[in-house]
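Dumping the structure here so I can ask a few things about it.
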Amino acid sequence: MNSLEQQISLLAKSAVKALYDLEAEDSQIQLQKTRPEFEGNITLVVFPFVKAARKAPAQVAAEIGEWLSANSEGLVARFNAVQGFLNLVIDDAFWVKQLVAIDADDHYGRQPERNQLMMVEYSSPNTNKPLHLGHVRNNLLGYSIAQIQEANGWKVVKTNIVNDRGIHICKSMLAWLKYGNGETPESSGKKGDHLIGDYYVRFDKEYKKQIAELMATGKDEETAKREAPLMLEAQEMLRKWEANDPEVRGLWAKMNEWVYAGFDETYKRMGVSFDKIYYESNTYLEGKSEVEKGLATGQFYRREDGSVWADLTKDGLDEKLLLRSDGTSVYMTQDIGTAKLRFQDYPIDKMVYVVGNEQEYHFKVLSILLDRLGFPFGKELVHFSYGMVELPNGKMKSREGTVVDADDLMDKMVEDAKEISKDKVNTLQGITPAEADEIARKVGLGALKYFILKVDPRKNMLFNPAESIDFNGNTGPFIQYTYARIQSVLRKAGERASANAYASSLENKELALIQRLCEYPSVVRTAGDEFSPAVICNYAYALACDFNSFYHDLSILNEPDEQKKELRLLLSANVAKVLRSAMRLLGIEMPERM
RNA sequence: GGUCCGGUAGCUCAGCUGGAUAGAGCAACAGCCUUCUAAGCUGUGGGUCUCGGGUUCGAAUCCCGACCGGAUCACCA
């Protein structure tokens, strides 16, 4: 609710009290933006008062309208009543005042500090393959959520848990040993993460071959999978890793370093970052000891084969394995340890996990287990569960090579942006090739980020590689373009003396823009409450549309009336400010020209 | 089978804490650059909001049921 809504709400309460002797509840005061086909800025729905008034809705609307006109000290300039809808026209002076106030606020939209710490975990890659489009969605959502919550007054710590140990890493390591001939990122010219990913795929290929061979000798598939020599070797390697075998550990460290160098490059390009990185190899032992404690206090139990389980049937769930019969830990064990360390390291008030919706069960269980182990934060954890990115023929599968690679995709977007900008030589004349590259980078990545963030995070989304991501319409570049246009106008306007007089009456399109600007703080709040960058996208798009319409219809620099011109410049500058602010919450950079 | 999520225009998506005649973009078609950046603006066509009940002044939105699609229920992560 913004200040106008608050004022009207109070006035409306007074009105129904005076007219019908009704003490209206907050929920009965229903305000909405007036639909464009009617005159007015804000609309009061009067149906809730009809019963108390014992009159027809249209008459009630008219009576309240009269009362507001007479008692709002000029705020309500006029009104019209359509059935049960009271459309109020707010005085232009109010809007001009709002605009001046927005202009004076350097952090417009930012909510008050709340002095509480939110930790946001996102990305959380495995170190056996490069990042793909699914990770891109995770990273962009995680980063944007962190920005949005910061704008909502939280102190935010962005964190990453790197899944750097386990059987999947051993598979890549083994394939590299067997087929790699000592290949390195330097010798091959490949990014480290891609190099390792290639060997992960290679493992799977050779493994499948062995399975087929075993099945040809008459074994069933289950047995073949279990007994394939490559799998046995990988498991042996994992045991050696856990036993701190120096050779295996050495290879592991070396190959992980290659992967991290590759990830760092990708993260940097994507524009995401972390305040604190945890590694599973450093947290899983902590998890194990927590499980042992739970075992000692009777929270968990051990089966005859030595495996440790939690009984969650009282919570309506199943039994959950926490330690394998050979004593090695599983994903859940590690997550318990990581959570404990984090709460030791930071005074966390809210812990948010940005993880796909396929892991909803996992986090339900984690929450219960942490609670049982006596951690007060267990019940409070938030699983920010987002939908999958699907391709036209279904899910992406790393092992089967049906993935859209993150690095390739970013390359392609920047290339496309560059290609498109070649037709715009008029507006980009006089810039250096380096500047042109920088613009293409911002625009290409802006298109990608907006494309992903504009869809409701909870929903699955479809990406069709055959159709390139658009640069026209409801897109990142559209918003960047709107911004660049404004910057161009402002550059031409030159230095302006501040505190000039502004026009006191407004054109419809000016008013619509100011009203839109007024919505921004509540949009930031909603995006925070709902954990939804898409809310920011929708708003930025609407604001850009409003501006383009204004820009098309009204001249700024050629406006002869100085006060009108000043108002339009002020308005334009603040639209740019809010667009930049909104895009920053999405991690999208703005070019000054394009 | 249990649980969770989704189904809105040819396609991709908004709208979903109940409000006026359901919106964008893409694709198709027709216009607008001697005027501040045409990555823009304007217009046309395009809908059984999956289906059936219910709640009420009013339902795409809330409730119940069906159908369809997805996820999950591992000594995987």
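Every chain is numbered from 1, with letters handed out A, B, ... down the list of sequences. What you see is a predicted model; the values in this text were computed from it and never measured.
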Checklist line | Sugar-phosphate, base or nothing in reach of A/F471, heavy atoms under 4.0 Å | finding: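 Base contact - A/F471 has a heavy atom under 4.0 Å of at least one base atom.
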Closest of B/G19, B/A39, B/A77 to the A/E280 side chain is B/A77
Per the under-4.0 Å heavy-atom filter, residues of residues 46-62 of chain A near RNA chain B come out as A/F47
* Asked: Please walk me through it: do A/T43 and A/N87 pass side chain to side chain donor-acceptor pair (under 3.5 Å)?
  -> CA-CA 4 Å; A/T43 294; A/N87 303 319; 2.7 Å; yes
Inset, instruction - Please indicate whether A/E37 has more than 12 foreign heavy atoms, meaning atoms of other residues, nucleotides or ligands, lying under 6.0 Å from its CD. - result: yes
When rounded to whole Å, the CD1 to P distance for the pair A/I439 and B/A39 reads 13 Å
- Parallel, tilted or perpendicular for A/F478 and A/Y541, by the 30°/60° rule?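 A/F478 vs A/Y541 ring planes: tilted.
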Stems involving RNA chain B: give each as a range paired with a range, ordered by first number, where a stem means at least three consecutive Watson-Crick or G-U wobble pairs under 3.5 Å.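 Consecutive-pair runs (3 or more) involving RNA chain B: B:1-7 with B:67-73, B:10-13 with B:23-26, B:28-32 with B:40-44, B:50-54 with B:62-66.
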Contacts of type ring pair (Phe, Tyr, Trp, His ring centres under 6.0 Å), residue A/F300, not counting sequence neighbours: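 A/F300 satisfies ring pair (Phe, Tyr, Trp, His ring centres under 6.0 Å) with no residue once adjacent residues are dropped.
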Using a strict threshold of under 4.0 Å (side-chain N to carboxylate O), is an ion pair present between A/D437 and A/R441? no
- Euclidean distance for C1', B/G40 against B/G46 (whole angstrom): 24 Å
Notebook entry, point to check: Looking across every strand, which nucleic acid part, if any, lies under 4.0 Å from A/T43 by heavy atom: base, sugar-phosphate, or nothing?
Noted result: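 Base contact.
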What are the two closest heavy atoms between A/L322 and A/T333, and how far apart are they?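 Closest heavy-atom pair between A/L322 and A/T333: O-OG1, 2.5 Å.
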- Query: Can you find a side-chain donor-acceptor pair between A/Y278 and A/Q334 that sits under 3.5 Å?
  - Reply: no
### Query
Hey, is A/F85 doing a stacking thing with B/G19, by the 5.5 Å centroid and 30° angle criteria?
no
Open item on the list: Taking only side-chain N and O atoms of A/K364, does any of them lie within less than 4.0 angstrom of OP1 or OP2 on B/U3?
Closed with: no
Per-nt protein contacts along nucleotides 68-73 of chain B (heavy atom under 4.0 Å; B base, S backbone sugar-phosphate only, - none) come out as --SSSS
| task | Kindly check if the number of other-residue, nucleotide or ligand heavy atoms within 6.0 Å of CZ (A/R54) is above 12? | result | no
Among B/U37, B/G19, B/G40, the one nearest any side-chain atom of A/R593 is B/U37
- If you measure from the Lys or Arg side-chain nitrogens to the Asp or Glu carboxylate oxygens, is any gap between A/D204 and A/K208 under 4.0 Å? yes
Problem - Residue list, ring pair (Phe, Tyr, Trp, His ring centres under 6.0 Å) with A/Y539, at least two apart or on another chain - result: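 For A/Y539, the residues satisfying ring pair (Phe, Tyr, Trp, His ring centres under 6.0 Å) (neighbours in sequence not counted) are A/Y520.
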Margin query: If stacking means aromatic ring centre less than 5.5 angstrom from the base's six-membered ring centre, planes under 30°, is A/Y481 stacked on B/G40?
Written below: no
To the nearest 0.5 Å, atom CG of A/L543 lies from atom CG of A/N548 at 9.5 Å
Worksheet entry | Nucleotide of B/A39, B/A77, B/A20 approaching A/F38 most closely (side-chain heavy atoms) |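 Shortest atom-to-atom distance from the side chain points to B/A20.
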Exercise for the section: Calculate the interatomic distance between A/N558 atom CG and B/U37 atom P; express it in whole Å. Expected result: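 After rounding, the gap between these two atoms is 10 Å.
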query: Quick one: is A/R35 getting a side-chain N or O under 4.0 Å of the B/A20 phosphate, OP1 or OP2?
result: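 Answer yes for this pair, as a side-chain N or O of A/R35 is under 4.0 Å from OP1 or OP2.
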Rounded to whole Å, the CG-P distance (A/N548 to B/U42) equals 9 Å
- prompt: Step by step, would you call A/R303 with A/E319 a salt bridge (Lys or Arg N to Asp or Glu O under 4.0 Å)?
  reply: CA-CA 12 Å; A/R303 286 189 184 169; A/E319 301 188 330; 2.7 Å; yes
Regarding A/L554, tell me which of base, sugar-phosphate or nothing describes its non-hydrogen contacts under 4.0 Å with the strands shown.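 Here A/L554 touches the bases of the nucleic acid.
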*Parallel, tilted or perpendicular: ring planes of A/W252 versus A/W241, cut at 30 and 60 degrees*: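 Rings of A/W252 and A/W241: perpendicular, as their planes differ by over 60°.
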Remember a base hit wins even if backbone is also touched, and classify A/Q32 as base, sugar-phosphate or nothing at under 4.0 Å, heavy atoms.
->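 Since a base atom lies under 4.0 Å of A/Q32, the category is base.
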Report task. Determine the Euclidean distance between corresponding C1' atoms of B/C36 and B/C41; express it in Å to zero decimal places. Result ->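 Nearest-Å result for B/C41 against B/C36 at atom C1': 15 Å.
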* How would you label the contact of A/D456 with the nucleic acid (heavy atoms, under 4.0 Å): base, sugar-phosphate, or nothing? ->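 Sugar-phosphate only.
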In B/S/- notation (B base, S sugar-phosphate only, - none; protein heavy atoms under 4.0 Å), nucleotides 24-34 of chain B written 5' to 3' is SSS--------
Check against salt bridge (Lys or Arg N to Asp or Glu O under 4.0 Å), A/R165 and A/E280
CA-CA 7 Å; A/R165 47 146 247 134; A/E280 187 187 334; 2.9 Å; yes
- Which part of the nucleic acid, if any, lies within reach of A/Q30 when heavy atoms closer than 4.0 Å are counted: base, sugar-phosphate only, or nothing? base
Name the nucleic acid region contacted by A/I556, choosing base, sugar-phosphate or nothing; use a 4.0 angstrom heavy-atom cut-off, strictly under.
base
Smallest heavy-atom separation, A/G356 atom then A/M388 atom, equals CA-CE, 4.0 Å
Rounded to whole Å, the CZ-P distance (A/R485 to B/C36) equals 10 Å
Exercise. Using the C1' atom in both, what is the distance from B/G7 to B/A60, to the nearest Å?
Worked result: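 Taking atom C1' in both B/G7 and B/A60, they lie 12 Å apart.
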Using the rule given for salt bridge (Lys or Arg N to Asp or Glu O under 4.0 Å), can you reason through A/D456 versus A/R458, listing the C-alpha separation, both sets of side-chain angles and the distance that settles it, and then say yes or no?
CA-CA 6 Å; A/D456 183 338; A/R458 289 181 296 273; 3.2 Å; yes
Closest of B/C13, B/C36, B/A77 to the A/L557 side chain is B/C36
Between B/U12 and A/K459, is there an OP1 or OP2 to side-chain N/O distance shorter than 4.0 Å?
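So the side-chain polar atoms of A/K459 never come under 4.0 Å of the phosphate oxygens OP1 or OP2 of B/U12.
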With hydrogens left out and only the distance checked, is there a donor-acceptor pair under 3.5 Å joining A/N87's side chain and the base of B/A20? yes
Query raised in the report: Touch check for A/N128, heavy atoms < 4.0 angstrom, all strands: base, sugar-phosphate only, or nothing?
Result: nothing
note: A/Q334, atom CD; B/C76, atom C1'; distance rounded to Å ~ 13 Å
